[in-house]
Amino acid sequence: MRRYILPIAAILLAAACGTSTNQAGPAPSHGSSRPVAKAKHSAAPVAKPKPSSAKPKPKSSRSPKTCSPTRDIIVWTKTPGVPDSAQELGNYNLATCESTFQWLQKTSPTEAGNCTEAAWASDNPGYNTDAEPAPRPKKVQVSIGPAC
C-alpha cells in the first residue's frame with residue numbers, strides 16, 4: 001500500500017505546487033477544463049527601502065557572559081491538594097539576566113497553604129527532583145509563602 005501512496009502524494013504535491021508561466025503550454029493533465037489564470041502585473045514601480053533610514057538596534061548593555069548560569073538551583077513547591085514537587089533550574093534567566101532567586105520572589109504564589117523554597121543544588125547532593133512527594137531541600141536560600 002505504501003508503494004502506491006507515496007508516489008501518488010508526490011505527484012499531487014508537485015501538481016498543486018507547480019506554477020507555469022508558459023501560457024502556450026499543454027492543458028493541465030488532471031482533466032479540468034478551466035483556463036489557467038494569467039498573472040496580472042502592475043506598472044507601478046516598487047519602492048526600495050533606503051539603507052540609511054533604518055536605525056540600528058541598540059546592543060544590550062549586558063554581555064551574555066556576565067549572566068550565564070554557573071550553578072543550579074533546586075526549587076521546591078508546596079501547593080494545597082497536590083504532592084510537594086521540585087525542579088532544578090539555572091541560577092539566571094538567560095533572556096533577562098535576572099537572578100532565579102529574584103524571579104521566584106516576584107512570581108511565586110503567596111496565598112494561604114503555598115510555599116516555595118529554593119536552595120543551591122550543590123548544597124543538596126543526591127537530591128531527587130523526581131521524587132513524589134519531593135523532600136524539602138537543605139540550606140534554603142529563599143522561602144516564599146505563608147506555609148513555609
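Numbering of residues begins at 1 and proceeds along the displayed sequence. Keep in mind that this is a model prediction, so the values were computed, not measured.
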Is any side-chain heavy atom of Phe101 closer than 4.5 Å to one of Gln141? yes

Please report the shortest heavy-atom distance between Ile73 and Gly90, naming the atom on each side. CD1-O, 4.0 Å

Work out which heavy atom in Thr116 is nearest to a heavy atom in Pro109; give both atom names and the distance. OG1-CD, 4.2 Å

Start with the C-alpha gap between Asp72 and Leu89, add the side-chain angles, then the distance that decides, and say whether side-chain contact (heavy atoms from CB on, under 4.5 Å) holds. CA-CA 6 Å; Asp72 286 335; Leu89 302 173; over 6 Å; no

Would you say Cys115 and Trp76 make side-chain contact, with heavy atoms under 4.5 Å? yes

Test log, rule side chain to side chain donor-acceptor pair (under 3.5 Å), inputs Ser85 and Thr77: CA-CA 5 Å; Ser85 62; Thr77 56; 2.9 Å; yes

Is there a side-chain contact between Asn114 and Pro80, using heavy atoms and a 4.5 Å cut-off? yes

Testing the basics here: between Ala112 and Pro146, what is the closest heavy-atom pair and its distance to 0.1 Å? CA-CG, 3.8 Å

d(Gln105 CD, Ser143 OG) to nearest 0.5 Å is 10.0 Å

Quick test of your reading of the model: are Glu117 and Lys78 salt-bridged, counting only N-O distances below 4.0 Å? no

Answer whether the closest heavy-atom distance between the side chains of Lys138 and Asp123 falls below 4.5 Å. no

Atom CD in Gln102, atom OG1 in Thr107: separation rounded to 0.5 Å? 11.5 Å

With clusters defined by side-chain heavy atoms of hydrophobic residues (ILVMFWY) lying less than 4.5 Å apart, directly or transitively, does Val75 cluster with Ile144? yes

In this structure, CG of Asn91 is separated from OG1 of Thr100 (nearest 0.5 Å) by 6.0 Å

How far does CD of Glu111 sit from OG1 of Thr79, to the nearest 0.5 angstrom? 9.5 Å

Take atom CH2 of Trp103 as the centre, draw a 6.0 Å sphere, and report whether it contains more than 12 heavy atoms from other residues, nucleotides or ligands. no

In the structure I gave you, are the side-chain heavy atoms of Gln87 and Thr129 within less than 4.5 Å of one another anywhere? no

Donor-acceptor pair, distance only, cut-off 3.5 Å: does the side chain of Tyr127 make one with the backbone of Pro135? yes

